[in-house]
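Throughout, a chain's letter reflects where its sequence line sits, starting with A, and its residues are numbered from 1. FYI, side chains are in, hydrogens and waters are out, and symmetry mates aren't considered; it's all heavy atoms of this structure.
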Amino acid sequence: GQQLNQSPQSMFIQEGEDVSMNCTSSSIFNTWLWYKQDPGEGPVLLIALYKAGELTSNGRLTAQFGITRKDSFLNISASIPSDVGIYFCAGGDRGSTLGRLYFGRGTQLTVWP
Amino acid sequence: DGGITQSPKYLFRKEGQNVTLSCEQNLNHDAMYWYRQDPGQGLRLIYYSQIVNDFQKGDIAEGYSVSREKKESFPLTVTSAQKNPTAFYLCASSTDLGLAGDTQYFGPGTRLTVL
């Protein structure tokens, strides 16, 4: 399957700091999605991006769909302890038929109070 | 409330036994998916189904089987042929409406442990 490179693999930051993570692919995607997963739970959708160049915010979260359609980034501003978790990017290849998602390996975020 | 439910949350199985994981959704979604998650890994696709009575193998289908007799339900059977079944299993669903169909919503997961 297609491979998504997500970085960094882990981050250790202090409460109040901003966070940035990104995802790159060798293939073009039609959709970029960002999920957060808490331990022992299923991933929860944070932001969905459907158009190249699109910049979307959800509270303190901001994500962009790269112009080349091969990358995306997620920023978290003014981090708080509940931001702790694993963040996954996913690329969708929907064309004329139902597509599938390809996932990055995740960024483990730890926030120190 | 609309959502995806998976049961049980924790499942223990002896080697050589088949076990079936349940996934139900009341979102009226057409497509459903099963993923496997191992520590430090991304999500790997096992099977997916676009419509009732139809499903396709994903990247790691060996040792697994599924059925899609109802739109709301997509059970996954982990057979004894699966050599390393201990993992966290996630079910997801999505609509069939344009690009939004790429947006998948996940259930809470089932942790399977083989003893």
Side-chain angles (χ1 to χ4, degrees), chain A residues 1-10 21 23 25 27-52 54 56 58 63 65 69 72 85-108, chain B residues 3-10 21 23 25 27 29-51 54-61 87-113:
Chain A
Q2 299 183 47
Q3 193 114 16
L4 267 63
N5 299 309
Q6 185 172 350
S7 64
Q9 188 174 0
S10 61
M21 59 191 79
C23 222
S25 168
S27 303
I28 288 173
F29 286 120
N30 297 321
T31 310
W32 280 97
L33 306 166
W34 286 92
Y35 292 88
K36 182 192 177 202
Q37 185 178 29
D38 291 327
E41 300 295 330
V44 174
L45 180 68
L46 298 174
I47 293 180
L49 302 159
Y50 299 117
K51 187 177 176 182
E54 180 181 359
T56 297
N58 178 8
F65 190 144
R69 293 165 63 193
S72 177
I86 303 177
Y87 292 79
F88 289 100
C89 62
D93 67 353
R94 172 177 285 266
S96 59
T97 58
L98 188 71
R100 55 166 290 180
L101 290 181
Y102 299 87
F103 287 83
R105 293 198 169 192
T107 295
Q108 173 73 61
Chain B
I4 303 173
T5 57
Q6 291 185 243
S7 61
K9 181 69 173 174
Y10 300 95
L21 282 59
C23 178
Q25 55 99 359
L27 300 168
H29 284 173
D30 291 294
M32 297 185 74
Y33 311 79
W34 274 106
Y35 293 90
R36 171 183 171 134
Q37 186 176 31
D38 296 284
Q41 302 288 319
L43 278 64
R44 292 186 290 168
L45 183 64
I46 305 172
Y47 269 98
Y48 64 109
S49 167
Q50 300 179 22
I51 56 173
D54 184 59
F55 47 83
Q56 290 80 40
K57 293 182 180 180
D59 300 324
I60 56 166
F88 191 49
Y89 290 88
L90 288 159
C91 178
S93 70
S94 68
T95 70
D96 190 21
L97 300 174
L99 288 176
D102 273 343
T103 305
Q104 294 180 19
Y105 299 88
F106 286 85
T110 292
R111 183 164 300 281
L112 172 64
T113 303

*Contact winner vs chain A - B:Gln6, B:Arg44, B:Gln37, heavy-atom pairs under 4.5 Å*: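 Heavy-atom pairs under 4.5 Å are most numerous for B:Gln37.
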
_Can you confirm if the NZ or CZ of A:Arg100 lies within 45° of the ring axis of A:Tyr102 and under 6.0 Å from the centre of its six-membered ring?_
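Checked: cation-pi criterion met.
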
*Give, for atom CG of B:Leu21 and atom OG1 of B:Thr110, the distance between the pair rounded to the nearest 0.5 Å.*
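The distance works out to 4.5 Å.
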
*asked:* Which atoms of A:Gln37 are under 4.5 Å from chain B, going by heavy atoms: the side chain, the backbone, both sets, or neither?
replied: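 Answer is side chain: those atoms of A:Gln37 sit under 4.5 Å from chain B.
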
*Which answer fits B:Leu43, side chain, backbone, both or neither, if we ask what part of it has an atom under 4.5 Å from a heavy atom of chain A?*
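For B:Leu43, heavy atoms of backbone and side chain both lie under 4.5 Å from chain A.
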
*Between B:Ser49, B:Ser93, B:Ser94, which is the residue that forms a side-chain hydrogen bond (donor to acceptor under 3.5 Å, both in side chains) with B:Tyr33?*
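Among B:Ser49, B:Ser93, B:Ser94, the one that satisfies the side-chain hydrogen bond (donor to acceptor under 3.5 Å, both in side chains) with B:Tyr33 is B:Ser94.
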
*Return yes when atom CD of A:Gln9 has more than 12 non-hydrogen atoms of other residues, nucleotides or ligands closer than 6.0 Å, and no otherwise.*
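No - once you tally the heavy atoms of other residues, nucleotides and ligands closer than 6.0 Å, there are 12 at most.
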
